[in-house]
Amino acid sequence: MSIDYQLVLAGEIPLEQVAELVAPAARQTTTRYGEPMLSAPLYEEYGYLVDITSGSNGYYEAEDDSGSPWIWEPETYVDINFHMNKEALTEKGKPNMLAAVARVLAERPEDAALVLNSNWLLLTRVAGVLRRHGTTWWSHHDMDNGIIRQ
């Protein structure tokens, strides 16, 4: 079973610009629907596989801190998907994924959201304001260490 973290950026952004921040060696490929995708198997180095795609008319739904549904529908977007297996999750996967997310947020100004397994909202940035969600996740996984600053 894999664990998936999805960082979504609102807007039309060239995939290559995003790849420079999370996977400079990513290779051009396509999704199963024939859409362009950049992908890099970084299991050895970082504990995850990363796929970067873009689209329009997005729809994202996840559970927020209160258990209520959070819904976001960006007109255009870029998805950065980090796929991890359980063996590499704690030691490599999560810390490296969060470092990559921090780089993207530092370099890109767009509204953003970080979602775990398409179910739980962990982070949002709206109009430049960064907000952590899932406070139990951050503290339980000892990830409240300033990698992502509010």
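Because only heavy atoms are used, hydrogens play no part in the values below, and waters and symmetry mates are left out as well, while side chains stay in.
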Transitive ILVMFWY side-chain link [X] to [Y], under 4.5 Å:
X	Y	result
Leu105	Tyr77	no
Trp120	Val126	no
Tyr5	Leu7	yes
Leu123	Ile3	yes

Testing the basics here: between [X] and [Y], what is the closest heavy-atom pair and its distance to 0.1 Å?
X	Y	value
Ala100	Val22	CB-CG1, 3.9 Å
Ser2	Asn117	O-OD1, 4.3 Å
Ala10	Ile13	O-CD1, 4.1 Å

Rounded distance (nearest 0.5 Å) linking atom [atom1] of [X] with atom [atom2] of [Y]:
X	Y	atom1	atom2	result
Met97	Tyr46	CE	OH	14.5 Å
Glu110	Thr76	CD	OG1	9.0 Å
Leu21	Glu107	CG	CD	6.0 Å
Leu49	Tyr43	CG	OH	4.5 Å

Provide the full list of side chain to side chain donor-acceptor pair (under 3.5 Å) pairs with a residue in residues 25-37, sequence neighbours left out, each pair given once.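 Checked against side chain to side chain donor-acceptor pair (under 3.5 Å) - neighbours excluded - no pair reaches residues 25-37.
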Inter- and intrachain pairs under side chain to side chain donor-acceptor pair (under 3.5 Å), touching residues 8-26, at least two apart: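 Side chain to side chain donor-acceptor pair (under 3.5 Å) check on residues 8-26 returns Gln17-Arg108.
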Using a 3.5 Å cut-off and no angle test, enumerate the donor-acceptor pairs between side-chain atoms of residues 53-62 and protein atoms at least two apart in sequence or in another chain.
from: Tyr59; atom 1: OH; to: Glu61; atom 2: OE1; distance (Å): 2.9
from: Tyr60; atom 1: OH; to: Asp79; atom 2: OD1; distance (Å): 2.8
from: Tyr60; atom 1: OH; to: Asp79; atom 2: OD2; distance (Å): 3.2

Could you work out the complete set of other residues in the hydrophobic cluster of Val129, with links drawn between I, L, V, M, F, W and Y side chains under 4.5 Å apart?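 ILVMFWY cluster around Val129 holds nothing else.
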Under 4.5 Å side-chain linkage, directly or through intermediates, the cluster mates of Met37: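 Joined to Met37, directly or through intermediates: none.
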With sequence neighbours excluded, what pairs up with Asp64 under the side chain to side chain contact (heavy atoms under 4.5 Å, CB included) test?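 Per chain and number, Asp64 pairs via side chain to side chain contact (heavy atoms under 4.5 Å, CB included) with Ser66, Ser68, Trp70, Leu121.
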Do the side chains of [Y] and [X] get nearer than 4.5 Å, heavy atoms only?
X	Y	value
Val50	Ile80	yes
Val115	Val8	no
Leu114	Gln6	no
Asp111	Trp72	yes
Val101	Phe82	yes

Assess the side chains of Ser39 and Asp51: does a donor N or O sit below 3.5 Å from an acceptor N or O?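 Judged by distance alone, the side chains do pair up.
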Arg125 side chain to Arg131 backbone, donor-acceptor under 3.5 Å: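 Not at all, since once roles are kept as given, no pair shorter than 3.5 Å links the two residues.
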